[in-house]
Amino acid sequence: MIKTGIFVGSFNPFTVGHDSIVTRALPLFDRLVIGVVGDQVHKPDMPSAETRIRAIADLYRDEPRIEVKPYYGLAVDFAKEENARFIVKGVRSVKDFEYEREQADINRQLSGVETILLYAEPQFSSVSSTMVRELQHFGVDVSAFLPKRDSDITI
């Protein structure tokens, strides 16, 4: 049986912190599906799901165990669609931990899907998509907060 995990989010943008979680979670699974929130979520200046998916898929194009797909609705429903028994989440702080703990409890009650929490590496504990978007808004170079890639696709 293939062990599958999912890592879900809006990834607006996909940061070095997200990349760290993917890199650290990958050895735990035969297959890791990155679920990108579909276009039903409307956030200011959010690129289309297809744009975000294409950029993330490009980042991991040489890793056959990673798939990047859109998802709609509940993460546990996406997990079932992908035959995943685990949801991977990253936590940066006590605040994140409490939120994710509650989500994990509900997700397990609803579906039996377990949540694996990976703590942010110290150098990424302050990095968030919201922070990156705000810095971009003010014209700050945010390249240090985005994973390096070989193409011109941006997230």
Side-chain angles (χ1 to χ4, degrees), residues 2-93 96 99-100 103 107 113-155:
I2 293 176
K3 193 182 312 178
T4 300
I6 64 168
F7 179 47
V8 296
S10 59
F11 304 121
N12 178 32
F14 192 84
T15 69
V16 290
H18 295 128
D19 181 52
S20 170
I21 297 298
V22 169
T23 301
R24 292 166 48 219
L26 193 56
L28 303 173
F29 303 103
D30 301 310
R31 177 175 168 253
L32 182 63
V33 181
I34 300 173
V36 177
V37 170
D39 290 329
Q40 82 280 13
V41 174
H42 300 287
K43 292 183 179 181
D45 302 321
M46 184 154 78
S48 71
E50 184 56 39
T51 298
R52 290 173 284 134
I53 289 166
R54 190 173 53 243
I56 297 167
D58 185 58
L59 182 63
Y60 299 111
R61 69 182 172 273
D62 295 328
E63 179 47 72
R65 296 175 296 163
I66 294 177
E67 297 175 39
V68 186
K69 299 180 176 184
Y71 87 97
Y72 306 90
L74 297 176
V76 292
D77 292 337
F78 182 63
K80 285 180 188 176
E81 290 170 18
E82 295 299 325
N83 295 313
R85 294 182 40 223
F86 304 94
I87 298 172
V88 176
K89 301 296 283 208
V91 293
R92 296 167 297 176
S93 65
D96 284 354
Y99 175 79
E100 296 300 347
Q103 290 287 104
N107 287 340
V113 173
E114 289 290 343
T115 300
I116 296 173
L117 300 178
L118 294 178
Y119 295 100
E121 294 179 86
Q123 68 270 30
F124 303 134
S125 64
S126 298
V127 177
S128 71
S129 294
T130 302
M131 180 270 303
V132 171
R133 284 193 313 272
E134 188 165 334
L135 290 173
Q136 282 176 319
H137 174 78
F138 289 103
V140 175
D141 176 9
V142 295
S143 59
F145 304 114
L146 303 175
K148 304 296 183 248
R149 56 186 55 75
D150 296 328
S151 74
D152 293 331
I153 295 175
T154 58
I155 303 174

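Note that this is a predicted model, so its numbers are computed, not measured.
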Is the shortest side-chain heavy-atom distance between T4 and N83 below 4.5 Å?
no
Would you indicate whether the side-chain heavy atoms of I34 and I66 approach each other to under 4.5 Å?
yes
For S20 and T23, which I'm curious about, is there any donor-acceptor pair between the side chains at under 3.5 Å?
no
Heavy-atom side-chain contact between Y60 and D19 under 4.5 Å:
yes
Just by modelled atom types, is the P13 backbone N or O under 3.5 Å from a matching donor or acceptor in the S129 side chain?
yes
Can you pull out every salt bridge (Lys or Arg N to Asp or Glu O under 4.0 Å) where at least one residue sits in residues 28-38? Sequence neighbours excluded, please.
R31-E67, R31-E82
Listed by chain and number, what are the salt bridge (charged side-chain N to carboxylate O under 4.0 Å, His left out) partners of R65, not counting sequence neighbours?
E63
Does the side chain of E50 come within less than 4.5 Å of R54's, by heavy atoms?
yes
Less than 4.5 Å apart, any side-chain heavy atom of N12 and any of P47?
yes
Of all residues at least two apart in sequence or in a different chain, which pass the ring-ring contact (aromatic ring centres under 6.0 Å, His included) check with F86?
F29
Looking only at side-chain N and O atoms, does Y119 offer a donor or acceptor that is under 3.5 Å from a partner on D96?
no
Kindly indicate whether the side chain of I21, heavy atoms from C-beta on, has any atom under 4.5 Å from the side chain of V88.
yes
Validation row: P70, V36 side chains within 4.5 angstrom (heavy atoms):
no
Please check: side-chain N/O of K148 versus main-chain N/O of S143, any donor-acceptor pairing under 3.5 Å?
yes
Min side-chain heavy-atom separation M46-R52 under 4.5 Å:
yes
